[in-house]
Amino acid sequence: MICERDDFSLTGPLHLTSVDWANEHHRRSVAASLVQGIYVAERDRQLQREGPELALSPLWSEFFHFRLIRKLVDDADFSIFGGIYEYKPSSGTAKSQELSPRFVIAFRGTVNKADSISRDIELDIHIIKNGLHTTTRFEIAMQAVRNMVASVGCSNVWLAGHSLGASMALLTGKTVARTGVLPECFAFNPPFLSPPIERIKDKRIKHGIRIAGSVITAGLALAKKASQQVSQNHRALPAPPDQFAALSDWFPRLYVNPGDHLCSEFIGYFEHRNKMEEIGAGFVERLATQHSLGGLVMDVVSGGNNTEAPVHLIPTAVLTVNMSSSRDFKEAHGIHQWWREDKIFDTKIYQYK
């Protein structure tokens, strides 16, 4: 039996018969559809839906004149976790073609099927432990991104992902952005590891909790920095570069839903910076925003060996919030919302200074 969500003719953005690459809704819808194509490609594999008559994944890309030229396969369970699409438009099929990508590297999230769920949950746990960068799946993804950027240039490459895949897109994007390469990145429902403070209705209580968290986090970060400086002085090492500030010119696009507790904290993460500036405590937040309280505690437990910042700590972003209500968590976390025409979206730009 065919799952309705896999069938483009039933749930895809059929209204986009002509894409305007200068239109944010069109760009977002295409990127989300390509990610959905990777989900469906993996379900095609598991359900043995092969060939033009059975496979459902091709239409999610071919409708927009993209072709899946390479599948990214996990070396542990052989599941399809990502893919590289090439854009092959025919004449007159889209507007503002100069703004279109030549290639899109897309990553799916967790698939609740027997052949992939175990490995996907393992990767989800790595995100919680801030260890996604140590996995072989990340190495495969990173190599694909590096090779593509080196071949065609970053202006021709988009990164896109949903949930676990959004973390993969952000982490690969952050890694190349540190070298001055700034690819377009579309992260749908990216995980933000934090208590669900955003769900607190009382704004005063919510703001008070965030201020207290910022003060504690900044204090621990200062203590960690002082300890590192002492160690560097003893070994006559130069101070390391500010990796957080180095990412301030990279503007990944984050798409979050307030009803999705896995990603909704991005809303407070960025809004809180502005509020701290307003009360004259911007210097505290500029330090706190570079660290997570849980990450600092994990550093103490692990002996400070992890130098990679948590994936969700981002200095700059274009944040889009789905302001329409969702029936439940499944809908709030789903990728289909991001190409729906009946949703209300609010977009703000946040830049680290």
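No experiment lies behind these values; they were computed from the predicted model shown.
Between the side chain of Q337 and the backbone N or O of A332 there is at least one donor-acceptor pair closer than 3.5 Å. Under the 3.5 Å distance criterion, the side-chain polar atoms of T316 are matched with a main-chain donor or acceptor of Y352.
Shortest non-hydrogen contact noted between A144 and R70 is CB-NH1, 4.0 Å. Pairing each heavy atom of F138 with each of L132, the nearest pair is CB-O, 3.3 Å.
At a cut-off of 3.5 Å, with distance as the only test, a side-chain donor of Q46 or S116 sits close to an acceptor on the other residue. In summary, the side chains of Y87 and W21 do present a donor paired with an acceptor at a separation below 3.5 Å, with no hydrogens or angles considered. One side chain, T110 or D124, offers a donor N or O that lies under 3.5 Å from an acceptor on the other.
With F345 as the aromatic partner, R28 meets the cation-pi criteria of under 6.0 angstrom to the ring centre and within 45 degrees of the ring axis. Geometrically, R253 does not engage Y255 in a cation-pi contact, judged by NZ or CZ lying under 6.0 Å from the ring centre and within 45° of the ring axis.
Remark: aromatic rings of H162 and Y39 are close, center separation under 6.0 Å.
V111 and L262 sit in two unconnected hydrophobic clusters of ILVMFWY residues. Membership requires side-chain heavy atoms under 4.5 Å apart, directly or through other members.
The aromatic rings of F266 and Y269 sit perpendicular to each other, their planes meeting at more than 60°, with 30° as the lower class boundary.
By the 4.5 Å heavy-atom criterion applied to side chains, T172 and F107 are counted as neighbours. A 4.5 Å side-chain heavy-atom check between L254 and I314 finds at least one atom pair inside the cut-off. Side-chain atoms of W250 and V181, non-hydrogen and from C-beta on, never get closer than 4.5 Å to each other. A heavy-atom distance below 4.5 Å is not found between the side chains of Q36 and F8.
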